[in-house]
Amino acid sequence: MTVLEDLSVPPRDAGVLPRAVSRRERWLRRLPLLPALIYVVVVTQIPFVVTLWYSFQSYFWNSTAPAHFTGLSNYTTVFTNAAFRDSLVRSVVMTATAVIAAMILGVALALLLDRKFLGRGVVRTLIITPFLVMPAAAALVWAYPMLDANYGLLNYLLAPFGVNHVAWLSVHALASVIVVMVWQWTPFMTLIVLAGLQSQPPDTLEAAKVDGAGALATFRELTFPHLRPYIELGILLGSIYLVNTFDAVRLMTNGGPGTNTTNLPFYLYQQVNNAFDIGGAAAAGVVTVILTIIVATFALRMFARVFQFEEARG
Amino acid sequence: MSHLPFRPRVLGAAGCVAALLAAAACSSGGTTSSSGSGTVTVAVVSNPLITSQMVPLTRSVFEKQHPGVTVKFATYTEGDLRAAIEKDVSTHSNSFNVIMIGPYETPLFAKNGWLENLSTKFIAKTPSYDVGDLLPPIAKSLSYKGGLYAVPFYGESSMVYYRKDLFAKAGLTMPAHPTWAQVQTFAAKLNQPGKVAGVCLRGLAGWGDNMASLDTVVNTFGGQWFNMQWQPQLTSPAFVNATNFYVNLIRKYGEPGAANDSFNQLLTLYGQGKCAMWYDATVAATSIAGSYPSIAAKTGYAFAPVNLTKSSGWLWTWALGVPKGTANEADAWKFVSWATSKTYAHLVAAKYGWSAVPPGTRTSLYNTPQYKKAAKAFAGITLASINSTDPLHPTLHPAPYVGVQYVDIPQFESLGVQVAQQIAGAIAGTESVSQALKTSQSDAAAYTPQQLAGG
């Protein structure tokens, strides 16, 4: 959301603010913002500083040895630990696959929903529903009634086609988790793309029709370029949320079998809840933060460029 | 537009995302309940004997008898329970007045000074509690330096449940003391893919889940976790053989989706007639009798299968302990002593029948004529299984650790889960047994023998 606000700020040389504002005046103007700012600092930055402090400590919940300073050893462990690297890669794979699949489905559904047909309102509501279901509830519904090897609906439906008792959550664990992520996030993508479609000026489409462009050409040359910023926004927001996926992993596969579905949030959770290694988990958390900042910086810059281009054009 | 004014905000936004991530990782299930006067908060494992007996009986009997005391239950699955309790007692948050722990936790917690010594603090002043009545192996497993630090709610070993009707139809006879080779032969003959699994076994990752079963197989195949020098033995021939045997047995003749199954799932499967044999905790007999009477009528019971040793059952008990320094210790003990008393058995019997009584803790139960009659089919084998376990000498060859289906060191909490995940991966078929054990061996080798021995 910050992205959008940032970009709506007029360029600094637009001259909205008079230059001659006293220092006191500037602080007075900021005053109403301070409570919110202080709140944000308290709930986000102080925990982060505490995490940073813990990351240099050897601190185990299951040992009576008091927490003590260990220098960089927690970080050395993080960087040499194959489990951390694997979960990092898995997080990237899960997020990228889910976001791209959700976006493709989202575009397809949005294109369909953009047409007029009987009962469109009902269909729209139905399509949005998965996004409104609590992630934990969705994960449980998928894990047991849908995908269970013995009682699952999917196996029941596939049985006539010779598919027998497939243990989806063991054999296709990663794919199952990704399917649930896609199922939950497709509506969000649909909504964003639909908003884009509805803001498309009808006269350009008409002009294309008059010029004799087919449906495919119209989509490629007009609709898609128009949708691009919407798609990119959807991908950015979807990635920010999906990279944090925890509910589905915890409740459907518990990170397994083996470590097949252990992503970064689940790895951190395990470091705390199974290994009771507070220092190690904190260090892994800090490394995650740094990586996220790097990725986010690049992503946001890219988007800044996209939107600048849009502004220049509009 | 210059990028300069943009950057701090980027960092801010990214920082928020990151802080959220970190917060999500750290704040899993924080319990905020404080122990106000008269309230006893009990952390328990979700298990039919607790959720459908202990909880309602507490409401209808205990709270009526002790009007000043309110009992609050926090119910967890086994793995979550361990994490919640460990977090609570080690950080001295004291949100639980009573915790449900087992032979793994009790001595370790007692050594760390996290538990009240129930013997000196309460039992000595409560002669009616009759501590001498507790089954010796169970009481021993909950003791530290001669004092009881937790008292058993129920106790269990492991055994085989089998369907007498299916065995008869296939012309097979189950011996009272089967070998694993026999179990495999039977499973091969009884397995009907899609209808009935030859043998149902635990596959869910967790040291109290799939590793509990597998460890008993490893022990009877002559394997062990560590040798006397505390060097990990997970790639020794015996450990590899046992694991190969177990994993192949599940993959060939086990239930589909085994890598997600543990006690509760298997109880349902067996109860619905989807297993010809089932190797699990002896306490399952009580649950089968209570929830699936028609299957119970067709069920036969045999001792834990063996290979090189004479017996191979595990020993476990879910017991109640009182963390040190919590408020309301007197009320906590009132609840603990009530839930583990002889009278509790009578309360359960009156409401749910004698065969539903929590088994495996008191000698007197096995001398009660009504219980002997109601639980005739499995009372004897349960008692004999529990009495045949030896947590001090669990393995064929000498081992430096205590525990049949666990290694009683603090590191096992994490190591056990890591290995369990690898085994679950092998059961699901996402990696080979040798790969899984190689990874496990290097996980175990991450600790020095000194660390392990000093633990």
Side-chain angles (χ1 to χ4, degrees), chain A residues 2-3 6 11-12 40 43-45 47-48 51 60-64 148-150 164-171 173 240 243-244 246 253-260 262 264-265 268-277 281-282 285-286 288-290 292-293 295-297 300-301 304 308, chain B residues 1-3 5-7 9-26 28 79-80 82-83 86-87 90-91 108 111-114 193-194 203-206 255-260 269 272 274 410 413-414 417-418 421-422 424-431 436 455:
Chain A
T2 333
V3 193
D6 281 338
R12 52 164 44 179
V40 168
V43 299
T44 66
Q45 302 313 305
F48 182 66
T51 308
F60 286 86
W61 268 343
N62 57 352
S63 129
T64 42
D148 189 272
N150 293 293
N164 222 329
H165 290 281
V166 179
W168 301 100
L169 294 178
S170 328
V171 187
I240 289 175
V243 91
N244 287 330
F246 177 78
T253 60
N254 211 3
T259 53
N260 277 10
T262 302
L264 264 182
L268 293 180
Y269 162 83
Q270 275 193 317
Q271 284 300 102
V272 175
N273 268 10
N274 289 336
F276 304 113
D277 179 0
V286 170
T288 311
V289 166
I290 293 168
T292 316
I293 290 176
V295 172
T297 310
L300 291 179
R301 276 206 189 150
Q308 255 170 292
Chain B
M1 195 199 230
S2 115
H3 287 298
F6 197 53
R7 200 171 288 151
R9 289 182 192 164
V10 172
L11 287 179
C16 292
V17 171
L20 279 176
L21 233 176
C26 296
S28 50
D80 290 345
R82 294 212 160 91
E86 190 107 30
K87 208 164 15 183
S90 65
T91 57
L108 292 177
K111 190 175 162 201
N112 289 347
W114 292 340
L204 183 74
E255 75 280 9
N260 293 312
L269 281 181
Q272 302 196 342
K274 289 184 182 279
E413 193 94 50
S414 161
V417 174
Q418 285 174 314
Q421 283 177 330
Q422 295 300 322
I427 289 171
T430 55
E431 62 181 328

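Lettering of chains follows the sequences in order, A, B, ..., and the numbering in each one begins at 1. As the structure is a prediction and not an experimental result, all values here were calculated from the model.
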Give the member of E86(B), Q422(B), R82(B) that has the highest number of heavy-atom pairs under 4.5 Å with chain A.
E86(B)
Most heavy-atom pairs under 4.5 angstrom with chain A, which of K274(B), E255(B), E431(B)?
K274(B)
At a 4.5 Å cut-off on heavy atoms, which part of Q270(A) comes close to chain B: side chain, backbone, both, or neither?
side chain
Output the distance between atom [atom1] ([X]) and atom [atom2] ([Y]), rounded to the nearest 0.5 Å.
X	Y	atom1	atom2	result
S170(A)	N260(B)	OG	CG	4.5 Å
N254(A)	D80(B)	CG	CG	7.5 Å
W61(A)	K87(B)	CH2	NZ	5.0 Å

Nearest heavy-atom contact between A167(A) and G257(B) is CB-CA, 3.1 Å
Could you tell me which non-hydrogen atom of N273(A) sits nearest to which non-hydrogen atom of A83(B), and how far apart they are?
O-CB, 3.3 Å
In the structure I gave you, are the side-chain heavy atoms of P256(B) and V166(A) within less than 4.5 Å of one another anywhere?
no
Residues in salt bridge (Lys or Arg N to Asp or Glu O under 4.0 Å) with D148(A), at least two apart?
none
For Q418(B), is it the side chain, the backbone, both or neither that has a heavy atom under 4.5 Å from a heavy atom of chain A?
neither
Proximal component of L269(B), with respect to chain A [non-hydrogen, under 4.5 Å]
both
Go through D277(A) and S414(B) one step at a time and tell me if the side chain to side chain contact (heavy atoms under 4.5 Å, CB included) criterion holds.
CA-CA 9 Å; D277(A) 179 0; S414(B) 161; over 6 Å; no
Set of side chain to side chain donor-acceptor pair (under 3.5 Å) partners for T259(A), sequence neighbours left out
none
